[in-house]
Amino acid sequence: MSTKLFAPATLGTITLKNRVVMAPMTRNRATAGHDVTPIMATYYAQRASAGLIITEGIAPSANGNGYARVPGLYTPSQVEGWQAITSAVHEKGGKIFAQLMHTGRVSHSANMEKSTEILAPSAIAAAGQIYTDELGMQDHPTPHEMTKADIEKTIQEFVAAAKNAVAAGFDGVELHGANGYLVEQFLRPTTNQRTDEYGGSTENYARFAVDVATAISNAIGVEKTGIRLSPYGVFNDMPYSSDYDAIALLVAEKLNGVVTYVHLVDHEAMGAPAVDKHIVDAIRDTFTGTLILSGGYDAARAEEVLQAGKAELIAFGRPFIPNPDLVERMESGAELAQPDYDTFYTPGEKGYTDYPTLAEAVV
């Protein structure tokens, strides 16, 4: 069918067996204490035919773990748990990056360990509610505005988590600068009302993302560092502002030579405004590393974009949930299975590791 999507590609110093990326997707299968579970190794290994897997968001610190049953990468037991996952993926010939996600204001104390704080660039609560296992749906609390000391400590927590990722066998890390979490909370004027060097101007809005990415890159290497951005994304109460175009472009420009890839996600399929072609083209022209595009792609559209040189890699999200063999299905033109939406975030194997491959389904 396609000729480029399924061809090998180089990312930094590693070779990918194809240009299909499994996008990061929260699945909430960790323990209540944010440790990895054995079924997570099965889940990722089942999908190792992707050229690159980017994990679900992993908290770099206890303060950053604001969701129920989301894994962390800040304790020895968490590192050990992730070692089993990276080994399982590598045994299948896959490559895997850890997505480091600090939830910032999108948190609730019922989901967090004791003696933690909900931190954000400004003391502005997110609209809407957040799920907790203990109390059900709860209003988002007002976060504590981060001090300079909080910012410096958080940057070092990201660095420590990146080092833990390498120790756990990951091929690299992706800094989650999208979807309304902490890094994007600094990027957006709607959530960042600071008047110091971390807010108030295009340069200052971009500073935290650039500082974190640079610190990670210095610690583990440019070739092991990527970042995800969501221009025009509105998830987690992040209304679009035209100011963000210049901020996102500046981040991409400043991260030349700092990260090996920029991962741009378009959430139009989930109700957000479509990312304007001009910002994608501008980042394509500005950033000299690998560009990953994500958002509602099928194999035909992915091939078209790759052939046109608009990106080097294409990420697929939800189709990977019910199709562990998504790469093989797309390459053969087989029909894709549909997911059970009710089990996206529930505990256990159902709707997680029990989806059959095409061969298994035929049998």
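Starting from 1, each residue takes its place in the sequence as its number.
With contacts defined as side-chain heavy-atom distances shorter than 4.5 Å, the pair Leu326/Arg47 does not qualify. Contact of the Leu135 side chain with the His108 side chain is registered, since non-hydrogen atoms from C-beta on lie closer than 4.5 Å. Taking 4.5 Å as the limit, some side-chain heavy atom of Ile39 sits within range of a side-chain heavy atom of Arg29. Under the 4.5 Å side-chain criterion, counting only non-hydrogen atoms from C-beta, Thr75 is not in contact with Glu80. Annotation: side chain of Tyr74 is not in contact with side chain of Val79 (no heavy-atom distance under 4.5 Å). Side-chain atoms of Met330 and Phe316, non-hydrogen and from C-beta on, do get closer than 4.5 Å to each other. Residues Pro339 and Tyr355 have side chains in contact (heavy-atom distance under 4.5 Å, counting atoms from C-beta outward). Under the 4.5 Å side-chain criterion, counting only non-hydrogen atoms from C-beta, Thr26 is in contact with Val70.
Note that CD1 of Ile151 and CG of Asp196 are 6.0 Å apart. Values are rounded to the nearest 0.5 Å. Put simply, CG on Leu250 and CD on Glu253 are 6.0 Å apart, with the number rounded to the nearest 0.5 Å. In this structure, CD1 on Ile220 lies 10.0 Å from NZ on Lys163, to the nearest 0.5 angstrom. Once rounded to the nearest 0.5 Å, the distance linking OG1 of Thr195 with CG of Asn192 reads 9.5 Å. Taken to the nearest 0.5 Å, the CD atom of Gln99 stands 6.0 Å off from the CZ atom of Arg228. Atoms OG and NE2, from Ser230 and His176 in turn, are 7.5 Å apart once rounded to the nearest 0.5 Å.
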inquiry  = Walk me through whether Thr225 and Glu174 qualify under side chain to side chain donor-acceptor pair (under 3.5 Å).
reply    = CA-CA 6 Å; Thr225 308; Glu174 175 179 280; over 6 Å; no
query = What do the steps show when you test Leu100 against Val212 for side chain to side chain contact (heavy atoms under 4.5 Å, CB included), and what is the final call?
reply = CA-CA 11 Å; Leu100 300 182; Val212 176; over 6 Å; no
inquiry  = Using side chain to side chain contact (heavy atoms under 4.5 Å, CB included), reason through Lys310 and Leu291 one step at a time and then give a plain yes or no.
reply    = CA-CA 8 Å; Lys310 299 296 185 181; Leu291 182 63; over 6 Å; no
key: Chi angles and distances behind the side chain to side chain contact (heavy atoms under 4.5 Å, CB included) call for Tyr198, Asp211   = CA-CA 10 Å; Tyr198 285 98; Asp211 283 357; 2.7 Å; yes
message = Quick one, Val305 with Tyr297, criterion side chain to side chain contact (heavy atoms under 4.5 Å, CB included). Give me CA distance, side-chain angles, the key distance, then yes/no.
response = CA-CA 10 Å; Val305 168; Tyr297 282 88; 3.8 Å; yes
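Here the side chain of Glu184 pairs a donor or acceptor atom with the backbone of Gly180 at under 3.5 angstrom. Remark: the backbone N or O of Glu56 is not paired with any side-chain donor or acceptor of Arg27 at under 3.5 angstrom. Without hydrogens or angle criteria, Asn236 side chain to Asn179 main chain gives a donor-acceptor distance under 3.5 Å. A side-chain donor-acceptor contact under 3.5 Å links Ser87 to the backbone of Gln83. Side chain of Asn323 to main chain of Ala337: a donor-acceptor pair is present (N/O by atom type, distance under 3.5 Å, no hydrogens or angles). Judged by distance alone, with hydrogens and angles left aside, the side-chain atoms of Asp266 form no donor-acceptor pair with the main-chain N or O of Gly295 at under 3.5 Å. Counting only distance, with no hydrogens or angles, the side chain of Arg194 and the backbone of Gly200 share no donor-acceptor pair below 3.5 Å.
Glu152 and Gln156 are not linked by any side-chain donor-acceptor pair at a separation below 3.5 angstrom, with hydrogens and angles left out of the test. In summary, the side chains of Asp150 and Thr147 do present a donor paired with an acceptor at a separation below 3.5 Å, with no hydrogens or angles considered. A donor atom on one side chain and an acceptor atom on the other are not found under 3.5 Å apart for Asn65 and His102. The closest side-chain donor-acceptor pair between Tyr232 and Asp245 falls under 3.5 angstrom. With 3.5 Å as the limit, one finds no donor-acceptor pair spanning the side chains of Gln78 and His34. Between the side chains of Glu117 and Asn63, not a single donor N or O lies within less than 3.5 Å of an accepting N or O. Side-chain polar atoms of Asn111 and Tyr131 form no donor-acceptor pair below 3.5 angstrom. Side-chain atoms of Gln193 and Ser122 include no donor-acceptor pair closer than 3.5 Å.
Scanning both residues, Lys4 and Leu306, for their nearest heavy atoms gives NZ-O, 3.4 Å. Across Gly57 and Met101, no two heavy atoms sit closer than the pair CA-CB, 3.7 Å. Closest approach of Asn28 to Arg69, counting heavy atoms only: O-NH1, 2.7 Å. In terms of heavy-atom proximity, Met112 sits nearest to Ser107 at SD-CB, 3.9 Å. Contact detail for Tyr67 and Thr103: the closest heavy-atom pair is CD1-CG2, 4.0 Å. Nearest heavy atoms, Val106 versus His140: CG1-NE2, 3.9 Å.
Side-chain contacts under 4.5 Å among hydrophobic residues (ILVMFWY), followed directly or transitively, place Leu16 together with Leu11, Ile14, Val21, Leu52, Ile54, Phe97, Tyr261, Ile292, Leu313.
Aromatic ring orientation, Phe344 versus Tyr341: tilted (interplanar angle from 30° to 60°).
For Phe186, the ring pair (Phe, Tyr, Trp, His ring centres under 6.0 Å) criterion is met by Phe208, not counting sequence neighbours. Residues that satisfy the side-chain contact (heavy atoms from CB on, under 4.5 Å) test with Glu328, not counting sequence neighbours, are Ser49, Asp325. Here Thr191 pairs with Arg105, Gln185, Arg188, Met238 under the side-chain contact (heavy atoms from CB on, under 4.5 Å) rule; sequence neighbours left out. Under the ring pair (Phe, Tyr, Trp, His ring centres under 6.0 Å) criterion, Tyr352 pairs with Tyr43, sequence neighbours left out.
Grouping the Ile, Leu, Val, Met, Phe, Trp and Tyr side chains by contacts below 4.5 angstrom, directly or via other members, places Met25 with Val327. Note: the hydrophobic cluster containing Val251 also contains Ile155 (ILVMFWY, side chain heavy atoms under 4.5 Å, direct or indirect links). Under the 4.5 Å side-chain heavy-atom criterion for grouping Ile, Leu, Val, Met, Phe, Trp and Tyr, Tyr240 is connected to Val280 within one hydrophobic cluster. Criterion: ILVMFWY side-chain heavy atoms under 4.5 Å apart, direct or through other members. Under it, Val183 and Ile118 are not part of a common hydrophobic cluster. Val166 and Val222 fall into different hydrophobic clusters, where Ile, Leu, Val, Met, Phe, Trp and Tyr side chains are chained together by heavy-atom contacts under 4.5 Å.
Ion pairing of Lys277 with Asp281 is present here, as a side-chain N (NZ or NE/NH1/NH2) and a carboxylate O approach within less than 4.0 Å. Residues Lys148 and Glu197 are paired through a salt bridge, judged by an N-O separation under 4.0 Å between the basic side chain and the carboxylate.
Of the options Val262, Ile279, Val265, a side-chain contact (heavy atoms from CB on, under 4.5 Å) to Leu229 is made by Val262 and by none of the others.
Here ring-ring contact (aromatic ring centres under 6.0 Å, His included) pairs that include residues 154-173, with residues two or more places apart or in two chains, are Trp82-Phe170.
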